[in-house]
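Below you'll find the structure, written out as structure tokens, and then a few comments.
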Amino acid sequence: MTSVATLGSHCALQVLKGAKDEGLKTLLVCEKKRERLYRRFSFIDELILVNSFSEVLDQKCQSILEQNNAVIIPHGTLIAQMSSEQIESIKTPVFGNKWILRWESDRDMKEKLMREARLPVPTPVSNPKDIDNLVIVKRQGAAGGKGYFMASNEEDYIQKRKQLISDGVLSPDESLYIQEYAAGVLAYLQFFYSPLKEELEFFGVDQRHESDIEGLARIPSEQQLKSKKVPSFNVIGNSPLVLRESLLDEVYTMGDNFVEASKRLVAPGMNGPFCIEGVYDENARFTSFEFSARIVAGTNIYMDGSPYYSLLYNEQMSMGKRIAREIKLADGANQLDKITT
Ligand code: AMP
């Protein structure tokens, strides 16, 4: 029987609960320091205890996964803690497309794929000298917004970068990515593409709550001006959002375009869950600053099903359960190779 495995963090609970509900065996690669937490949940059949997640590459871990016919569900922690080379060398089948995860981690590749998908991206600024408007400065990889900062000109950029280096948040040789700041209502659009049905499903929308940029908005401007601290965009949690119905058609078009662009640039394409992240401006025009080519933690808010999935399924369907359903269908039809890499 096929089983479902993931790393103990991010959205592991949702993923494994969904797999259990679909009748699949569940395995968790768990850091010893988190064992107590994950033992609380009876839907986790087996814990593979490790000192660090990179041990998932070790023979010992790989053979347990192999014996269990496991499919690994990749999530943000896998990307944050392992290099693209490491992820690509995983022998266990990975749900979705492990090759596209490199396109998520590398800023230039990311921008290329977003442009191919005709997503409206903010203008990148290649040289700090050219900053003449408000910009956001980002780190490489899935840093979760930690160490990001805003700047309005070159001097501002240099001063904040220096401060973050002396605070130990950034390293002096770190390459940073600068892009125009897009103001508006944040919306993180969550999708699932099924290569079995060749169909795109829109799952839901969330908003991220980021510290301490949000905290800054809670203090009067007088104190904000006196603050010397460089605010960060560290994700703390997520909350749900539903969109004006008139925006949905465009949402599906963006998802379809992304799936098609991925097929052209990185075979076998964008299979499984993904997320297009951005903001709506005052004219309800979307600017997309980011994508995630795998399940996002924002789907955790819909463990009992999302508003949009209740339109597609007559049952409670989380993203974790949707993934497990796809695995079950593929397994039954001897098509696991179609949904894994
Ligand atoms: P990211 O790592 O690109 O998802 O960015 C982390 C957070 O920074 C996002 O959730 C947004 O709050 C913010 N952000 C990133 N890029 C932009 C942008 N171009 N304009 C406005 N906010 C942004």
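None of the values given here were measured: they were computed from a predicted structure. Position 1 is the first residue of the sequence, and the numbers go up from there. Atoms within a ligand are numbered from 1 in the order they appear, just like the ligands themselves.
Judged by the shortest distance from any of its heavy atoms, I136 lies inside the 4.0 Å radius around the atoms of ligand 1.
One hydrophobic cluster holds both L24 and I323 under the rule that ILVMFWY side chains link at heavy-atom gaps under 4.5 Å.
In this structure, D206 and N300 have side chains that are not in contact, with every pair of non-hydrogen atoms separated by 4.5 Å or more. The shortest distance between side-chain heavy atoms of K197 and E326 does not fall below 4.5 Å.
Interface of Y188 with ligand 1, defined as ligand atoms under 4.0 Å from a residue heavy atom, comprises 9 (C), 10 (O), 11 (C), 12 (O).
The proximity of F233 to ligand 1, defined as any non-hydrogen pair under 4.0 Å, is limited to the side chain. When non-hydrogen atoms are compared, ligand 1 lies under 4.0 Å from the side chain of K138 (C-beta onward) but not from its backbone. Residue contacts with ligand 1, taken as heavy atom pairs separated by less than 4.0 Å, involve P122 solely via side-chain atoms from C-beta onward.
No donor-acceptor pair under 3.5 Å is formed between the side chain of E154 and the backbone N or O of P128.
Defined by atom type and a distance below 3.5 Å, a donor-acceptor pair is present between the side-chain atoms of Y193 and K263.
Checking R208, E210, M150, Q207 against atom 9 (C) of ligand 1, the nearest heavy atom belongs to E210.
Checking only distances, E180 does come within under 3.5 Å of ligand 1, N or O to N or O. Considering backbone and side-chain N/O of L186, none are found under 3.5 Å from N/O of ligand 1.
Counting heavy-atom neighbours within 6.0 Å of K60 NZ, excluding the residue itself, gives a total of 12 or less.
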